[in-house]
Protein chains: 2
Amino acid sequence: MSNVAHDVERMLNDVPEPVDTKRRILDAAIDTLREDGFAVASARTIARRGDFNQALIFYHYGTLNGLVLAAFDEVTRARIERYVEVFEGPEYLATKLLAMRELYRDDRESGRLRVITEVIGGANLRPDLAPEVAARIDPWLDMTDGVVGDIIAKVGLAGVVEPRDAAFAISACFLGMDLLGNLGYDEARPERLMEIAATLAPMLELLTGGFGAPS
Amino acid sequence: MSNVAHDVERMLNDVPEPVDTKRRILDAAIDTLREDGFAVASARTIARRGDFNQALIFYHYGTLNGLVLAAFDEVTRARIERYVEVFEGPEYLATKLLAMRELYRDDRESGRLRVITEVIGGANLRPDLAPEVAARIDPWLDMTDGVVGDIIAKVGLAGVVEPRDAAFAISACFLGMDLLGNLGYDEARPERLMEIAATLAPMLELLTGGFGAPS
DNA sequence: GTCTATACTTGGATAGAC
DNA sequence: GTCTATCCAAGTATAGAC
């Protein structure tokens, strides 16, 4: 049966929407984190937003922290794979940077990045969240590791700059920019910086692999 | 009268310590922020730490936010001047970076930086704090502005990279690293990166002003 | 699985005696 | 200026009916 016919039948029989409540809770949490931020994301406000009973959060996710982490995971899941995909291709560095700029822009505009930043920022204030969140950041560091490792080697800084250090600094930079953005600073700045990086990438390409050499 | 004689007299007469209570409150707030973090810095815990009555905070500082901001200001006050001092000198870029590394290390070890980071992180979660904190970050951006502006010009990227964008990125990087550090990541990494920067500085010096040219 | 009701905690802030 | 006592709001989480 088609979805449409299915929906019509449901309307006629006044069958309650068979939406998975657990999913609705998750969505409400993500929406709250994205639009109102971590500070506002209490069990009560999330429940109000999703129009369900507050106690359900604890039934389905055990604790509020559990829900927040689930929201983080949900938002993150598919993202890393897309970044890795871009980074592991054999394309030119400049091409990669361009592709990454798009991914980043998309994550910002969709609000996914806001969710991530809010949770990381929040973890700083809720000691019980910190280790869990830290564990979830590791994959991002690992990913960045690989790319900058390549670049460092080509620029001739192998042994001088540890890839992990550079990865840490880069991730920190993005995180910090977003946090400052949430404080009220010009939101457009990170985009402008990505733009610059993309502009400069061909120069780096020349400097390293030589013109036209796939990285 | 000498301080010692003064103290002895006070002991004999059982005169209460004439410590400025307002100051004691401020110190307790700073200590709490540094050692326990923003999340723990409630009026009650600060009062317990400083061993004074909780209500005094509101008498002397109006609100808890007021006290937190006062703590931020107190920790910050003398710092910027020292950084500016280093940056405005006519020394070589490498020398400046070395000096800055020392200032940074000192701020980290003394816990001053922790106070600053905690408040900035906390402002993300308390909307009423955000604008006040943002205003206090501006001077740091202004300062960084000036230095990187020089460097950018010398590297020949004037017009390509806006100094303010670079300053934003650099400040964000330090902030982000500290936040990640608080999350449980290797605390030593920022120091390691400063080390690398100091190592690389002479190369940049060569690249820009030529060897021996004061920046 | 979902609801109501509620226990329990912590926190900001104030009133009023001293 | 400092204290005690207290108000009130908001939060997490659970018990128990349905």
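Chain letters run A, B, ... following the sequence lines, proteins first, then strands; residues in each count from 1. What's counted below: heavy atoms across the whole structure, side chains too, no hydrogens, waters or symmetry copies. Keep in mind that what you see is a predicted model, and the values were worked out from it rather than measured.
Straight-line distance from the CG atom of A/D128 to the P atom of C/dT10: 14 Å, rounded to whole Å. As a whole-Å value, the separation of A/N65 CG from D/dG11 C1' is 13 Å. One can place CZ of B/F38 at 15 Å from C1' of C/dT10, the figure rounded to the nearest angstrom. Taking atom CZ on B/F58 and atom P on D/dA5, their separation rounds to 18 Å, with Å as the unit. If you measure from atom CZ of B/R44 to atom C1' of D/dA10, you get 13 Å, rounded to the nearest angstrom. Rounded to whole Å, atom P of D/dA10 lies 18 Å from atom CG of B/L125. Across the protein-nucleic acid pair, B/I46 atom CD1 and C/dT10 atom P stand 17 Å apart, rounded to whole Å. Distance, B/R126 CZ to D/dA9 P: 19 Å, rounded to whole Å.
Using a 4.0 Å cut-off between charged side-chain N and carboxylate O, A/D31 and A/R34 make a salt bridge. A salt bridge between B/R23 and B/E74 is present, with a side-chain N of the basic residue lying under 4.0 Å from a carboxylate O of the acidic one. Ion pairing between a basic and an acidic side chain is recognised when a charged N comes within 4.0 Å of a carboxylate O; B/D73 and B/R77 show no such pairing. Between B/D36 and B/R49, at least one side-chain nitrogen of the basic residue sits less than 4.0 Å from a carboxylate oxygen of the acidic one, meeting the salt-bridge criterion.
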Quick one: side chains of residues 51-59 of chain A, donor-acceptor pairs under 3.5 Å with protein atoms, not counting sequence neighbours, listed by atom name and distance.
residue	atom	partner	partner atom	Å
A/N53	OD1	A/A55	N	2.8

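In this structure a side-chain-to-backbone donor-acceptor pair under 3.5 Å is missing from B/Y61 to B/V68.
Residue pairs meeting the ring-ring contact (aromatic ring centres under 6.0 Å, His included) criterion with at least one member in residues 22-49 of chain A, sequence neighbours excluded, do not occur.
Contact check of residues 26-37 of chain A against DNA chain D (heavy atom, cut-off under 4.0 Å) returns no residues at all.
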Close N/O contacts between protein and nucleotides 1-3 of chain D (under 3.5 Å):
residue	atom	partner	partner atom	Å
D/dT2	OP1	B/T21	OG1	2.5
D/dT2	OP2	B/H60	NE2	2.9

Using nucleotides 16-18 of chain D, report all nitrogen or oxygen pairs with the protein that are shorter than 3.5 Å.
none

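Remark: A/K96 fails to qualify as a cation-pi partner of A/F87 under the 6.0 Å distance and 45° angle criteria applied to the six-membered ring.
At D/dG11, one or more side-chain N or O atoms of A/S42 fall inside 4.0 Å of OP1 or OP2 (strictly under the cut-off).
In this structure, the side chain to side chain donor-acceptor pair (under 3.5 Å) partners of A/E102, at least two apart in sequence or on a different chain, are A/R105.
Looking only at side-chain heavy atoms (C-beta outward), A/H60 and A/L67 stay at 4.5 Å or farther from each other.
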**Request:** I would like to know whether A/R108 and A/D178 meet side chain to side chain contact (heavy atoms under 4.5 Å, CB included); could you show each step before the answer?
**Result:** CA-CA 9 Å; A/R108 293 250 302 168; A/D178 233 57; 2.9 Å; yes
